[in-house]
2 protein chains.
Amino acid sequence: MEPTILDVAEQAGVSPSTVSRVINETAPVAEATKKKVTEAIESLGYRTNKFAHALRKQASNVFGIIVPDISNPFFSTLIRGAEDRFHEDGLSTMICDTDGQPEKEARNVEMLVKERVDGALVTSTESESNGIPRLIDKDIPVVAVDRSPTGYEMTAVLADNEGAGMIATEHLLNRGCRMIGFVRGPAGVSTAHERFIGYVNGLESRGLEVQEGLIARGDFTFNSGKRALEELIAANNESEFPDGLVVANDLMGVGVIRKAEEMNLHVPGELAVVGFDDILLSKLINPTLTTISAPTYEMGGTAAQLLLETVEADRKRAERKHKRIVFSTKLVERESSQFGAG
Amino acid sequence: MEPTILDVAEQAGVSPSTVSRVINETAPVAEATKKKVTEAIESLGYRTNKFAHALRKQASNVFGIIVPDISNPFFSTLIRGAEDRFHEDGLSTMICDTDGQPEKEARNVEMLVKERVDGALVTSTESESNGIPRLIDKDIPVVAVDRSPTGYEMTAVLADNEGAGMIATEHLLNRGCRMIGFVRGPAGVSTAHERFIGYVNGLESRGLEVQEGLIARGDFTFNSGKRALEELIAANNESEFPDGLVVANDLMGVGVIRKAEEMNLHVPGELAVVGFDDILLSKLINPTLTTISAPTYEMGGTAAQLLLETVEADRKRAERKHKRIVFSTKLVERESSQFGAG
DNA sequence: ACCCGTTATGAAAACCTTTTCATAATATGA
DNA sequence: TCATATTATGAAAAGGTTTTCATAACGGGT
């Protein structure tokens with residue numbers, strides 16, 4: 001059926017070894033034979049059999065990418081950045097959506113192990129009980145992206161979330177806000193925590209105190225953003241309402257804005273809002289959402305690059321060096337924090 | 001390193017053949033030996049080598065899923081439905097994002113061919129020059145989802161887009177609109193075209209004429225929705241402004257709503273809007289967008305099921321039967337078409 | 001003229017399964 | 001008791017590469 005390297009060899013009048021050599025350029029071969037072989041390959045439409053190759057080389061040439069939600073534009077951009085880098089080298093990718101559920105993450109990791117991927121990029125769902133130890137156990141190179149699981153020494157590509165939290169907070173301070181609240185993300189998600197730390201530092205650097213009553217917690221979803229604002233308003237009497245809110249991601253930020261609208265609270269006039277991630281939605285709602293953006297696409301590409309380097313080091317039996325690369329973020333000013341509006 | 005079936009055989013004191021038989025339950029084996037083998041497998045932590053297996057069985061146990069945009073919630077739900085079905089049988093999946101670009105679709109198909117997937121689910125970017133012929137040429141079973149490419153006889157899982165277009169149009173008619181326009185999708189995308197046909201039929205069934213001046217074209221993106229409304233307003237003098245708009249997908253529908261807001265055109269008071277797809281965003285904007293939704297998750301699962309059946313038929317050398325399954329859609333009423341509002 | 005070091009190629013082993021074929025052991029029926 | 005099925009197992013081939021080892025040819029140095 002499908003032609004094999006043997007068929008090519010026969011047609012070209014050479015041995016399979018020689019054919020392999022011209023395909024992989026792994027040893028010098030005479031110009032004349034090279035030509036015969038190339039022609040035979042062409043005329044038969046030969047393609048190397050992936051499984052035989054992988055079996056012999058003990059390498060699948062496939063890389064896994066695990067994210068919590070492929071429909072979140074932040075992650076789909078990350079994926080695109082990584083894929084473009086892998087495809088550049090003719091490597092294939094396997095994208096896994098954990099849907100934010102640890103057990104789905106475990107299933108996905110199991111799939112990657114079964115497929116014997118050469119490495120994996122992972123944005124783990126939680127810092128505990130994730131699939132990373134399983135991959136490490138199976139000796140599959142792993143690079144963490146966006147979120148850095150604690151307790152493992154591994155290379156990671158991150159955004160400067162602490163800095164981002166600080167930028168957001170300072171932006172609101174500069175704008176004149178004095179009662180700045182924070183809507184936290186899910187416990188155990190490092191990005192969410194770091195943004196909060198940045199907020200705390202931002203306040204303290206100006207000699208302001210963190211007020212417990214101005215802090216709520218959500219789980220990164222739209223609805224949790226709505227609930228968070230509700231709680232914050234309910235918990236304070238009018239004189240202590242927040243006049244600015246740093247929200248740990250855009251999706252919750254949008255929730256906050258929608259809830260504010262329902263409550264007839266004017267954004268940004270009575271409440272300025274800043275989010276993180278710069279997802280598409282943030283440009284589309286009314287008012288548009290000020291946010292902190294990270295170079296997502298580049299982060300994906302860099303992570304892929306580092307993973308490839310780790311694999312290469314393993315191949316040469318060189319020592320793996322664990323790196324930690326942090327990308328800086330930038331403020332994207334939009335209507336939700338506009339100065340003097342309202 | 002990694003234990004092989006030989007190691008298991010040795011440890012259990014049997015031949016590799018026997019081990020294979022207990023793993024695959026492909027022939028009767030004595031209860032006692034079965035136990036020995038299972039224990040050996042357990043104690044060594046043996047896992048069958050994917051490549052050797054695939055090489056011998058000539059099957060990868062991997063299935064490809066090609067969509068134009070993984071971050072579009074419509075497609076990510078479709079993917080989830082399909083994946084859940086595949087995973088049920090312990091099969092792996094490879095998700096490909098074509099980004100709406102035919103050449104990226106071609107590259108993705110090439111990757112699937114290289115990976116020797118057992119079958120593919122595809123939502124092709126265009127009806128022409130897509131990767132489907134390549135897959136068919138390589139004898140890889142294909143099922144079309146959501147969009148049905150013309151010119152190939154193949155099984156397809158679709159939504160009743162024509163019916164959907166009709167439902168949307170009738171909804172606006174019932175609501176009292178009389179100048180109903182349509183924002184078309186990209187040329188060559190079957191779903192977009194069928195929705196338009198439904199709109200035409202909807203008007204004609206009430207004895208109304210289709211007016212060229214009320215029809216604009218977009219490309220399924222947010223911005224093209226904004227542009228479309230602009231064009232429609234520019235093209236008509238005030239007495240002939242549309243009072244209702246059927247928009248070929250939600251993303252453009254959102255664009256229309258935002259543009260209307262910029263133009264101080266009240267939705268739904270002066271202009272009622274209906275979209276298609278029921279994406280998350282439609283619930284989040286203001287006013288919320290009335291839309292037509294299809295059972296996306298089920299469509300994905302059904303498509304996977306049919307693909308598996310095709311593969312099974314091939315295996316038995318039975319004839320492939322090309323099916324065509326059409327799911328019906330339903331109206332989701334929201335603010336953008338509310339009756340008596342404004 | 002002889003030896004040696006390249007350069008170009010082939011033969012065969014190894015990678016790890018599954019499956020066919022053969023055989024041994026056991027059970028069934030007369 | 002003997003012939004015949006049936007059940008349980010092993011040996012070996014096949015699936016398609018890559019790579020090591022061996023060999024042949026050839027040019028250059030003495």
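All values below come from the heavy atoms of this structure, side chains included, with hydrogens, waters and symmetry mates left out. In what follows, chains are A, B, ... by sequence order, proteins preceding strands, each numbered from 1.
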Side-chain atoms of A/R56 come closest, of C/dT19, C/dT17, C/dA13, to C/dA13
With nearest nucleotides of DNA chain D determined for B/A52 and A/I23 from heavy-atom distances, which residue corresponds to the more 5′ nucleotide?
-> B/A52
Will you find, in the side chains of B/S17 and B/S20, an N or O donor that is under 3.5 Å from an N or O acceptor?
-> no
Atom pair distance, as rounded to whole Å: NZ in A/K34 and P in C/dT7 | 14 Å
Between atom CD in B/E10 and atom P in C/dT17, what is the gap in whole Å?
-> 14 Å
To the side chain of B/L55, which of D/dG15, C/dT9, D/dG10 is closest?
-> D/dG15
Side-chain touch A/L78/A/L121, heavy atoms, less than 4.5 angstrom | no
Between the side chain of B/N108 and the main-chain N/O of B/K104, is any donor-acceptor distance below 3.5 Å?
-> yes
Note, A/V113 side chain near B/R47 side chain (heavy atom, < 4.5 Å) = yes
Which nucleotide in C/dT18, C/dT17, D/dT17 has an atom nearest any side-chain atom of B/Y46 = C/dT17
Any side-chain heavy atom of A/M111 sitting closer than 4.5 Å to one from B/T93?
-> yes
Just how far, in rounded Å, is P of C/dC16 from CG of B/N24?
-> 17 Å
Check whether any side-chain nitrogen or oxygen of A/Q58 sits under 4.0 Å from OP1 or OP2 of C/dC16, and answer yes or no.
-> yes
Which nucleotide in the list C/dT18, C/dC16, D/dG10 gets nearest to the side chain of B/K57?
-> C/dT18
Kindly say if A/T26 contacts the phosphate of D/dT18, meaning a side-chain N or O under 4.0 Å from OP1 or OP2.
-> no
N/O (side chain, B/N49) to phosphate O (OP1/OP2, C/dC15) under 4.0 Å | no
Below 4.0 Å: OP1/OP2 of C/dT18 and any side-chain N or O of B/H53 | yes
If only atom types and distance count, is the side chain of A/T296 paired as donor or acceptor with the main-chain N or O of A/A294 below 3.5 Å?
-> yes
For the atom pair CD1 (A/I95) and SG (B/C96), what is the distance rounded to the nearest 0.5 Å?
-> 7.0 Å
With a 4.0 Å heavy-atom cut-off, tell me which residues in residues 15-22 of chain B come close to DNA chain D, sorted by residue number.
-> B/S15, B/S17, B/T18, B/R21
